[in-house]
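Note on naming: letters A, B, ... go to the chains in the order of the sequence lines (proteins, then strands), and numbering restarts at 1 for each one. Everything numeric in this text was worked out from a predicted model, so none of it was measured.
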Protein chains: 2
Amino acid sequence: DDQPVCGAAITRDEARITLIGLPDVPGTSLVVFDAIAEQNVTVDMIVQNVGENSEADISFTVPRNELDVTLIAVNKVLPSLGENVRLTHSDDVSKVSVVGLGMARQHGVANRMFKALSDAMINIQMITTSEIKISVLVERAQAMDALRAVHRAFSLEKVTCNVVPT
Amino acid sequence: DDQPVCGAAITRDEARITLIGLPDVPGTSLVVFDAIAEQNVTVDMIVQNVGENSEADISFTVPRNELDVTLIAVNKVLPSLGENVRLTHSDDVSKVSVVGLGMARQHGVANRMFKALSDAMINIQMITTSEIKISVLVERAQAMDALRAVHRAFSLEKVTCNVVPT
Ligand SMILES: C[C@@H](O)[C@H](N)C(=O)O
Ligand SMILES: C[C@@H](O)[C@H](N)C(=O)O
């Protein structure tokens, strides 16, 4: 399987919420996601990078049409999360992903994706990976260019997936 | 399928590298990952959260025994990434994941995982998700407790996966 990527996918209408300066202690992420679960919001990507000075940032994406209800739910618990915690959001983002069972064994799949996006002058806002999938968040206006760029980079007109690239 | 999670997995011996203050412009992530690809390092998790003030942080994990060769490769390109860029790392981390095809349709799977880790007083250092998998990075000393906690939370003694929880 010299073709590590078999498909690419796009989720056009996403919105992102970011909580900055969360206390980096056990239980904090539960408070955030309990507030959202009560609203029956469908969370897509969840990203947390390592924090510094005992604070961490968590971002997550939801369908664009669920942004308002999510902001209401999160703003309610914001005071209980800590006095330094800030919230930012954007409803102008899309997720672009590449999928492939062969990814875990091959070096450089991420490189090929990042090169495709770099050559197309597309800025990567968020990255999240699993063994069979790499997803990036980009500005919605650049999403179709991003999808076309990765499609070309992995010659996906010639390949099909037996993994559903959701 | 009222059982959204069918399995849990642990990667005990991981190391984490974080680049802080990267220029948040197209092409930056390519420079980082090109440097690593040359060394044939097996990158596992890649996490980038949204940046602020045109800077972003990227973390990635590698097998613990590949940390040294990775640090040498990244340190070589550090100057070309920008004068504010800092590098931190840890070789004391493990990845704990839950896997399940039903996750995408069910609300609150992340909550159940976060609750299990919170009740066990385990601090989450990094989070990355896909439609069928949630992975967290924890301190190695807490990794087995984390795995047991999620195993109990999702009653995994009664369930098996038809998705390989790598
Ligand atoms: C920031 C948040 O993830 C925290 N570390 C927790 O465990 O809940
Ligand atoms: C930070 C890095 O991801 C940058 N935004 C890029 O596109 O390469």
Out of B:Thr28, B:Leu137, B:Asn123, B:Ile122, return the one with the most heavy atom pairs under 4.5 angstrom to chain A. B:Asn123

Largest heavy-atom contact set with chain A, pairs under 4.5 Å, which of B:Met121, B:Met113, B:Met126: B:Met126

With a 4.5 Å cut-off on side-chain heavy atoms, are A:Lys133 and B:Glu131 touching? yes

For B:Leu30 and A:Asn111, the nearest pair of non-hydrogen atoms, with its separation, is CD1-O, 3.5 Å

Considering non-hydrogen atoms only, spot the tightest contact between A:Ser118 and B:Pro26 and give its length. OG-C, 4.4 Å

For [X], which atoms come within 4.5 Å of any heavy atom of chain A: side chain, backbone, both, or neither?
| X | result |
| --- | --- |
| B:Ile20 | side chain |
| B:Asp44 | both |
| B:Val41 | backbone |
| B:Ile124 | both |

Hey, quick one: are [X] and [Y] part of the same hydrophobic cluster, counting side-chain heavy atoms closer than 4.5 Å, chains of contacts allowed?
| X | Y | value |
| --- | --- | --- |
| A:Val50 | B:Ile17 | no |
| A:Val136 | A:Val93 | no |
| A:Leu156 | A:Leu117 | yes |
| A:Leu87 | A:Val31 | yes |
| B:Val150 | A:Phe33 | yes |

With a 6.0 Å cut-off (strictly less than), is the heavy-atom count around CD of A:Glu157, excluding the residue itself, greater than 12? yes

For [X], is it the side chain, the backbone, both or neither that has a heavy atom under 4.5 Å from a heavy atom of chain B?
| X | value |
| --- | --- |
| A:Thr18 | side chain |
| A:Thr42 | both |
| A:Ala110 | side chain |
| A:Val109 | neither |

Heavy-atom pair count under 4.5 Å with chain B, highest-scoring of A:Asp24, A:Thr88, A:Ile134: A:Asp24

As an exercise, state the distance from CG of B:Asp57 to CG of A:Asp57, rounded to the nearest 0.5 Å. 8.0 Å

Which value, rounded to the nearest 0.5 Å, describes the distance between A:Thr128 atom OG1 and B:Gln48 atom CD? 11.0 Å

Taking B:Thr129 for its side chain and A:Ile46 for its backbone only, find out whether a donor-acceptor pair lies under 3.5 Å. yes

